[in-house]
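What follows is a short report on a single structure.
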Amino acid sequence: MNNNLSGMMATSTVLPVNTTTMSERDIIKGLQENVDAMFLIFCGMLIFFMKAGFSFLEAGAVRKKSVVNSLFRNFMDLYICGMAYWLFGFAFAYGNYNGNPFIGHDPNYFALASIAPAGYAMWFFQMVFGEAAATIVSGSVAERANSLGYVMANFLIAGFVYPVVTHWVWSTDGWLFLGDGTNAFTDFAGSGCVHVVGGSCALIATVIVGPRQGRFDHNGSVNEMKGHNLPFTALGALILFFGFFAFNGGSQKSISQPGDGVIVAKAVVNTMIAASFGGGSLTFIVRCTEKRWSLLQGLNGALASMVAICAGCATMHPLGACLTGIIAGLVYYGYSKVTPRLMIDDPVDAIALHLGGGSWGLIACALFSDTGVLLNWNQASFMGLAWQFIGLGTICAWCMSLTAAIFGSLKVFGMVGIDAEAESFGQDRHVHGEPGYGDDDTALLMGRERSDSSADAESLENEKWY
Amino acid sequence: MNNNLSGMMATSTVLPVNTTTMSERDIIKGLQENVDAMFLIFCGMLIFFMKAGFSFLEAGAVRKKSVVNSLFRNFMDLYICGMAYWLFGFAFAYGNYNGNPFIGHDPNYFALASIAPAGYAMWFFQMVFGEAAATIVSGSVAERANSLGYVMANFLIAGFVYPVVTHWVWSTDGWLFLGDGTNAFTDFAGSGCVHVVGGSCALIATVIVGPRQGRFDHNGSVNEMKGHNLPFTALGALILFFGFFAFNGGSQKSISQPGDGVIVAKAVVNTMIAASFGGGSLTFIVRCTEKRWSLLQGLNGALASMVAICAGCATMHPLGACLTGIIAGLVYYGYSKVTPRLMIDDPVDAIALHLGGGSWGLIACALFSDTGVLLNWNQASFMGLAWQFIGLGTICAWCMSLTAAIFGSLKVFGMVGIDAEAESFGQDRHVHGEPGYGDDDTALLMGRERSDSSADAESLENEKWY
Amino acid sequence: MNNNLSGMMATSTVLPVNTTTMSERDIIKGLQENVDAMFLIFCGMLIFFMKAGFSFLEAGAVRKKSVVNSLFRNFMDLYICGMAYWLFGFAFAYGNYNGNPFIGHDPNYFALASIAPAGYAMWFFQMVFGEAAATIVSGSVAERANSLGYVMANFLIAGFVYPVVTHWVWSTDGWLFLGDGTNAFTDFAGSGCVHVVGGSCALIATVIVGPRQGRFDHNGSVNEMKGHNLPFTALGALILFFGFFAFNGGSQKSISQPGDGVIVAKAVVNTMIAASFGGGSLTFIVRCTEKRWSLLQGLNGALASMVAICAGCATMHPLGACLTGIIAGLVYYGYSKVTPRLMIDDPVDAIALHLGGGSWGLIACALFSDTGVLLNWNQASFMGLAWQFIGLGTICAWCMSLTAAIFGSLKVFGMVGIDAEAESFGQDRHVHGEPGYGDDDTALLMGRERSDSSADAESLENEKWY
């Protein structure tokens with residue numbers, strides 16, 4: 001910095017380092033470390049902002065009476081995940097100790113008690129990933145989940161279920177990372193570690209919580225329940241698109257070493273190409289099958305493609321990304337048609353997006369990567385594919401069984417759903433005392449009285465602790 | 001990175017480079033390349049997010065019945081531009097071959113078939129620029145464009161019309177870049193290449209598509225059609241402001257060489273100053289002329305200023321940016337008053353913003369730059385001004401004639417507009433089967449029945465392919 | 001960059017520097033300067049985007065009839081602050097001259113007349129801080145402030161009140177920066193310089209402007225006035241969360257020197273931890289006291305924590321951040337309960353958030369920092385605490401007295417409030433001629449006629465200049 005500006009730099013916490021006596025190599029090393037930290041932090045910030053994407057994707061997809069409830073659960077995910085990942089999640093994921101292949105547990109990592117300085121940037125980056133994984137459940141159980149129960153489950157998913165999986169896959173000690181020594185499970189940016197985790201938990205949670213009132217008739221026919229604000233959903237999707245570039249590109253986790261820039265750029269380009277073809281092709285397919293141009297199916301197709309390209313975005317030619325995207329759109333579409341048939345009520349199609357898209361992504365990675373089955377029809381590539389199935393199966397089994405245990409336990413204590421009256425009336429007024437649209441002319445017109453939060457609070461006094 | 005963290009770095013695709021045996025100079029060169037890639041990618045991400053800005057600027061400016069239609073076209077732009085720019089747009093723009101001054105066509109560039117590794121970051125950066133240019137048309141034809149026809153036109157604009165112009169201006173082979181050998185056309189960040197391109201296409205498309213039903217009476221009097229959600233428009237504008245800093249600053253396309261940082265910072269500062277004075281001064285002018293404090297005119301003034309400062313943001317003193325901004329606000333205001341008089345119905349004033357602001361920007365650059373007419377009253381500066389007019393004229397002619405050809409051809413096949421009933425009823429329900437606000441109490445009150453998408457789809461079955 | 005790409009780099013303004021003849025040390029120095037510029041600019045962009053956060057936090061919290069008015073004031077803040085900070089704000093803050101400890105006044109800094117090149121990035125970074133400080137007032141005076149009066153006050157706050165405080169604290173000449181030579185006031189990212197400044201101005205402005213019609217009955221009882229769109233408020237909060245990471249991390253203002261990356265990362269991590277515990281704990285507390293799960297109180301708790309952690313985020317262990325956050329939530333909650341009792345009508349609780357959170361942050365910094373009272377029960381740490389009180393007191397006194405002078409003067413000229421009819425009818429139609437939701441079925445239903453802006457403009461013609 002120019003001397004004239006020294007006056008401005010006053011707040012910098014200057015370290016007592018005299019760079020004029022340092023060797024060039026040391027100065028470069030210091031700069032590399034700083035540039036890596038900057039890269040991780042900026043990517044982490046952009047990924048953090050995906051929270052706004054998840055929140056509005058869901059907020060738009062629920063009915064008017066539940067919009068605050070949806071936002072509430074998304075905000076709680078934020079707070080709870082920050083707490084849980086700080087207290088123990090990070091230690092379980094990356095606190096390697098004695099090379100345990102199943103779980104990390106270095107005591108210095110709990111509550112960041114005594115971590116190497118470079119670990120702060122990494123904590124932030126990993127925490128926002130955890131937040132993305134844990135919040136996936138929120139959309140699937142929207143409108144009828146018990147708030148306290150949900151928060152408790154989220155605490156365990158963000159703090160334990162998810163970190164353990166990342167230890168398997170992304171820690172140098174993890175058993176899926178090590179594989180059989182020659183071949184191993186690969187998941188660059190989390191098709192499995194984040195999206196299959198979130199989607200698996202969402203599936204089980206949704207089954208245990210059960211469908212919304214009136215979603216399915218007794219004969220099994222499906223009643224559509226439209227979201228109240230499709231522009232909000234579109235806003236959420238655009239924010240998620242934006243964040244996905246940092247999600248996938250940032251997963252290189254380093255920008256200072258030779259070649260890093262190219263890998264990051266390739267991941268970003270492939271993310272864009274997958275989304276374009278996934279979203280575009282599904283839009284045309286739905287035009288043919290349903291005779292309408294669907295904004296919602298198109299954007300979900302693009303999101304599913306971005307989910308699917310996570311695993312292989314750094315190791316594919318763009319042509320592979322194009323194929324991954326097109327098929328991801330179809331996989332999503334199939335899942336989204338099947339779930340209601342199975343009486344599973346998923347208001348945001350999170351299961352189709354994350355479990356469907358993520359599973360396909362793990363397989364696509366083994367098929368279309370530069371070392372994949374398609375370009376190298378040999379034993380190594382097939383072993384790679386086999387490891388993807390092993391990883392996928394194990395992750396699903398782990399997440400589903402733990403989620404079943406968590407929500408099953410909550411069910412015993414009556415902390416999974418809410419009572420019928422509260423659901424029918426809407427949680428916004430009944431549980432939160434905060435209608436989403438407080439200044440509501442329509443409510444006045446329809447003879448409903450505007451309730452203020454103190455009145456709502458009163459009505460809640462005899463309620464159980466949702 | 002600290003050794004203790006090596007366990008976390010597992011997913012990085014590590015290249016077999018041993019930096020300890022590299023010379024300092026080579027390590028620095030590698031770091032410079034990576035820092036450039038990071039700069040391009042982060043700027044590209046922020047510019048990508050301008051898509052959300054364009055989407056909501058338009059979504060708020062249309063009537064309630066067309067909000068999904070607006071978002072749909074914006075999302076399709078995203079997918080289609082990603083496809084087209086990958087398949088051939090990039091090759092036409094930067095695939096230099098035999099020094100063709102009119103169009104690039106290196107076969108290695110089509111579908112990124114075999115590009116130099118550093119090209120990935122550049123592709124992403126250029127693609128998001130193309131997306132911005134091509135999506136400008138969307139707002140102008142809002143509420144009455146045929147979806148399929150629009151998508152086809154967008155494919156050609158993003159994949160051919162726009163890339164060829166950038167080849168002229170931003171490729172070292174381009175005829176406008178080369179000029180007469182001494183003086184040449186200059187456009188740092190795309191007042192011409194992006195905004196005049198988008199604005200010209202929008203003008204012709206709007207004329208061919210024609211006005212919305214009821215916008216103009218037979219006697220030529222204008223009926224105002226207010227947008228349904230001004231906060232959405234304001235949100236879009238704020239996102240566009242945010243993105244414009246990356247748009248203009250990022251156009252330096254490099255941060256690693258001596259002086260890059262200063263140029264990028266100057267571009268960003270000038271963007272801020274132009275917007276402040278453009279938005280602020282127009283707000284006061286409208287207060288005087290229309291006796292009201294207009295949020296919408298103010299934000300459009302600021303946007304027009306940011307459009308206008310693109311060309312000269314890196315080569316002006318802030319005082320020049322201040323003047324550029326104030327005049328840009330007036331140019332926008334004049335255009336926005338003239339277009340309805342000419343029976344041109346532009347719901348978002350995209351023509352005024354991008355054609356008006358962009359044209360003025362090209363001229364302002366030649367006037368107020370450090371080497372411009374005002375500070376150097378000499379032959380070179382006037383030749384520079386002449387080249388700006390040559391470039392402006394050629395870009396307009398190219399874009400307008402091609403857009404006329406594209407939309408003219410579509411008109412022959414009946415793929416420009418929609419039938420009167422569909423427009424009157426609103427495309428959201430009629431074409432997309434997705435009302436923007438599904439949970440609509442008001443609709444119920446007014447005796448309209450909530451239609452679900454299957455019912456809508458049925459009603460569409462006998463429709464033509466919009 | 002690879003040679004194959006040279007064609008793409010055409011627009012870069014290349015400086016006549018031949019790096020092949022430069023020494024390694026000089027190349028590194030150039031790269032460091034550029035990386036610092038990039039860091040400041042990216043952080044500045046993200047902080048700029050907080051404007052969207054402030055705007056929607058407020059837009060959602062007002063009634064439907066005032067949403068455009070709220071957005072209008074926020075946009076004006078943007079333009080006005082850009083102007084004022086360019087013209088003289090920056091010079092007052094950092095234009096050091098003769099070592100004046102109270103105010104800077106180097107003539108080269110006014111309107112960036114002749115500043116060192118590296119100053120451009122710094123100007124942008126400081127300007128967005130100023131914008132954040134000055135816009136805090138907007139929310140507190142929402143729905144009833146006189147637009148012209150507000151704009152004039154904002155010009156003075158952004159251009160004089162705020163910059164002088166930053167000169168005291170963040171300039172190497174400032175008296176609070178220098179302290180007594182041994183101990184001094186410390187405020188890393190602006191708990192005092194930004195938030196106490198904004199909160200103090202907001203308090204006085206709110207008192208002088210007075211409450212909204214009907215907010216308080218004559219007997220002092222409080223009538224709740226709910227915001228019209230809680231999702232907008234939630235969106236604003238999420239954008240503010242996002243921006244706060246850049247706000248706090250970016251305050252290191254440098255990333256190129258050894259150790260910078262760690263400090264930035266620590267600031268970001270502490271911001272996240274404070275927000276998690278502040279938002280989470282307040283949510284539970286409100287659940288206990290008010291028997292409801294409040295989204296709004298939770299997000300305000302998180303915001304207050306982020307405000308409070310500004311001062312000490314770079315110098316605390318995460319455990320300190322956790323404590324700072326929890327207490328910040330309580331401080332906010334207390335303030336937000338007390339203000340209406342004092343007949344102060346603050347629609348967005350800006351006083352509680354920024355004055356409450358900021359004051360606590362200054363104290364928390366002296367308590368929980370690594371050199372703070374808690375860990376070093378000695379004279380130096382207590383002197384540090386004393387300096388925090390001195391700084392807090394002086395900042396409050398300066399801001400409050402100047403704001404009283406500004407709004408007092410405006411009151412003399414009748415430019416503080418608006419007349420009763422305009423407030424009752426709503427400023428959106430009456431003053432701006434732009435209803436927020438133009439396409440309003442409900443209005444039709446209720447027999448109100450949709451007014452278009454020309455009609456509104458007419459009705460305004462005889463009004464005074466609001």
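Letters go in sequence order (proteins before strands), and every chain restarts at 1. For the numbers below, each heavy atom of this structure counts, side chains included, while hydrogens, waters and symmetry mates do not.
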Under the side-chain contact (heavy atoms from CB on, under 4.5 Å) rule, what do E24(C) and I28(A) come out as? Steps first, then yes or no, please. CA-CA 10 Å; E24(C) 277 84 358; I28(A) 297 171; over 6 Å; no
Y120(A) vs N270(C), side-chain contact (heavy atoms from CB on, under 4.5 Å): CA-CA, chis, key distance, verdict: CA-CA 9 Å; Y120(A) 282 110; N270(C) 280 338; 5.7 Å; no
Set out, in order, the CA-CA distance, both residues' side-chain angles and the distance that settles side-chain contact (heavy atoms from CB on, under 4.5 Å) for T283(C) and F75(A), then state yes or no. CA-CA 10 Å; T283(C) 305; F75(A) 275 75; over 6 Å; no
I would like to know whether F49(A) and I239(C) meet side-chain contact (heavy atoms from CB on, under 4.5 Å); could you show each step before the answer? CA-CA 7 Å; F49(A) 194 47; I239(C) 295 173; 3.9 Å; yes
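F124(A) and F245(C) have their aromatic ring centers within a separation under 6.0 angstrom. The six-membered or imidazole ring of F277(C) lies away from that of Y79(A), with a centre-to-centre distance of 6.0 Å or more.
Interface remark: of the candidates I80(A), V35(A), L31(A), L31(A) forms the most heavy-atom pairs closer than 4.5 Å to chain C. Between chain C and the residues G436(A), G82(A), G30(A), the largest count of heavy-atom pairs under 4.5 Å involves G436(A). Interface remark: of the candidates V128(A), V68(A), V67(A), V68(A) forms the most heavy-atom pairs closer than 4.5 Å to chain C.
Between F232(C) and F232(A) there is a side-chain heavy-atom pair separated by less than 4.5 Å. Annotation: side chain of M45(A) is in contact with side chain of V268(C) (closest heavy-atom distance under 4.5 Å). Side-chain contact between K29(C) and I27(A) is absent, with no heavy atoms from C-beta onward closer than 4.5 Å. Taking 4.5 Å as the limit, every side-chain heavy atom of Y85(A) sits out of range of all side-chain heavy atoms of S276(C). Side-chain contact between M272(C) and F48(A) is present, with heavy atoms from C-beta onward closer than 4.5 Å. Annotation: side chain of L235(C) is in contact with side chain of L235(A) (closest heavy-atom distance under 4.5 Å). Two residues are said to be in side-chain contact when any heavy atoms from C-beta on lie closer than 4.5 Å; N34(A) and S256(C) fail this criterion. Taking the side chain as every heavy atom from C-beta outward, K226(C) and P435(A) approach each other to under 4.5 Å.
Contacts of H317(C) with chain A are made by side-chain atoms alone, with heavy-atom separations under 4.5 Å and no backbone atom involved. Both the backbone and the side chain of A246(C) come within contact range of chain A, each with at least one heavy atom under 4.5 Å from a heavy atom of that chain. Heavy atoms closer than 4.5 Å to chain A are found in both the backbone and the side chain of A234(C). For M76(A), the part lying under 4.5 angstrom from a heavy atom of chain C is the side chain only. Neither the backbone nor the side chain of T233(C) comes within less than 4.5 Å of any heavy atom of chain A. Both the backbone and the side chain of L78(A) come within less than 4.5 Å of a heavy atom in chain C. Proximity to chain A (any heavy atom under 4.5 Å) is shown, for C43(C), by both the backbone and the side chain. Contacts of V151(A) with chain C are made by side-chain atoms alone, with heavy-atom separations under 4.5 Å and no backbone atom involved.
Ring planes of F72(A) and W293(C): tilted class, angle from 30 to 60°.
For F125(A), the ring-ring contact (aromatic ring centres under 6.0 Å, His included) partners are F129(A), not counting sequence neighbours.
The two residues A118(A) and V262(C) make their nearest non-hydrogen contact at N-CG2, 4.5 Å.
Heavy-atom neighbours of chain C within the stretch residues 52-61 of chain A, taken at a separation under 4.5 angstrom, comprise A52(A), S55(A), F56(A).
The side-chain contact (heavy atoms from CB on, under 4.5 Å) test with L295(C) singles out one residue from L71(A), N74(A), D428(A), N69(A), and that residue is L71(A).
Distance check: H432(A) NE2 to L296(C) CG gives 12.5 Å after rounding to the nearest 0.5 Å. Rounding to the nearest 0.5 Å gives a distance of 7.0 Å between CD1 of I41(A) and CZ of F39(C). In this structure, NZ in K266(C) is found 10.5 Å from CG in L112(A), a value given to the nearest 0.5 Å.
Note on E434(A) versus R292(C): salt bridge recorded, some NZ/NE/NH1/NH2 to OD/OE distance being below 4.0 Å.
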